[in-house]
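The figures that follow rest on heavy atoms only: side chains count, while hydrogens, waters and symmetry mates do not.
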Amino acid sequence: MPSINFGKPQNEKIWEIVKDSDFNDARCLDCVIRNQCPTCYGINYFAFGDVAKRPEDFCKMYKIRAKAISYFYGKMLLNPEKYKNRLDLEHLPSIAKGVIAVQKAFGED
């Protein structure tokens, strides 16, 4: 998909396709990882005719990935001194909140 300059449309045809979209799939609005979830607007458009609608398989894949990452970060948080070169020690509370949120959202204790 050609790039779009949101200040001024570079291509009127592309702008007509995307101008009314907020680029958010309604299914994603309450998702814990929505801000980290990548998307390809070109794939969305070609698959569904809508740049905002994301393929469900991608969603499942990124949720599995988020669960795995939260698991490993959780393990590191239990022993932060051992992983001090891999953890941002200054932001441990934020990291812990993220791990807990992902694990709660996706059914992990």
Side-chain angles (χ1 to χ4, degrees):
M1 181 171 177
S3 65
I4 299 166
N5 177 339
F6 286 97
K8 179 180 177 187
Q10 295 174 342
N11 179 313
E12 290 296 326
K13 184 176 180 182
I14 298 296
W15 185 250
E16 289 301 314
I17 293 169
V18 300
K19 74 176 182 176
D20 293 327
S21 172
D22 60 3
F23 295 95
N24 288 314
D25 188 322
R27 299 172 297 169
C28 303
L29 294 178
D30 295 325
C31 183
V32 171
I33 63 169
R34 75 177 176 278
N35 293 328
Q36 287 78 39
C37 188
T39 191
C40 175
Y41 300 116
I43 288 173
N44 296 354
Y45 181 75
F46 287 113
F48 303 108
D50 182 347
V51 294
K53 189 170 182 184
R54 298 175 183 202
E56 192 171 330
D57 290 342
F58 285 7
C59 178
K60 289 176 186 176
M61 180 178 66
Y62 285 108
K63 284 180 179 178
I64 290 168
R65 183 175 180 255
K67 286 167 65 171
I69 291 169
S70 74
Y71 171 81
F72 288 113
Y73 266 100
K75 292 291 185 185
M76 290 192 303
L77 287 169
L78 293 175
N79 195 352
E81 286 304 313
K82 182 178 178 181
Y83 297 101
K84 63 184 174 187
N85 293 333
R86 297 189 183 259
L87 282 173
D88 181 354
L89 297 178
E90 188 176 321
H91 295 98
L92 285 182
S94 297
I95 294 168
K97 285 180 185 177
V99 166
I100 291 167
V102 167
Q103 290 181 0
K104 280 185 178 181
F106 303 135
E108 300 294 326
D109 293 328

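- With sequence neighbours excluded, the residues satisfying side-chain contact (heavy atoms from CB on, under 4.5 Å) with E56 are R27, K60.
- Expressed to the nearest 0.5 Å, how far CZ of F106 lies from CD1 of I64 amounts to 10.0 Å.
- Residues K63 and C31 are in side-chain contact: their nearest non-hydrogen atoms beyond the backbone lie under 4.5 Å apart.
- Using a 4.5 Å cut-off between side-chain heavy atoms of Ile, Leu, Val, Met, Phe, Trp and Tyr, with links allowed through other members, I100 and L87 fall into different hydrophobic clusters.
- To the nearest 0.5 Å, atoms OH (Y62) and CD1 (I69) are separated by 10.5 Å.
- In this structure, F46 is a member of the same hydrophobic cluster as V51, with clusters built from ILVMFWY side-chain heavy atoms closer than 4.5 Å.
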Can I get a per-line list of side-chain donor-acceptor pairs under 3.5 Å for residues 71-85, giving both atom names and the distance, sequence neighbours left out?
none

Name every donor-acceptor pair, under 3.5 Å, that has one atom in a side chain of residues 88-98 and the other anywhere in the protein, sequence neighbours excluded.
unit_1: D88; atom_1: OD1; unit_2: E90; atom_2: N; d: 3.3
unit_1: D88; atom_1: OD1; unit_2: H91; atom_2: ND1; d: 3.3
unit_1: D88; atom_1: OD2; unit_2: H91; atom_2: ND1; d: 2.5

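- Using a 4.5 Å heavy-atom threshold, the side chains of P38 and F58 count as separate.
- Residue Q103 holds its CD atom at 4.0 Å from OG of S70, rounded to the nearest 0.5 Å.
- Side-chain contact between I33 and V102 is present, with at least one heavy-atom pair separated by less than 4.5 Å.
- Here the side chains of R54 and C59 are not in contact, with every heavy-atom distance at 4.5 Å or above.
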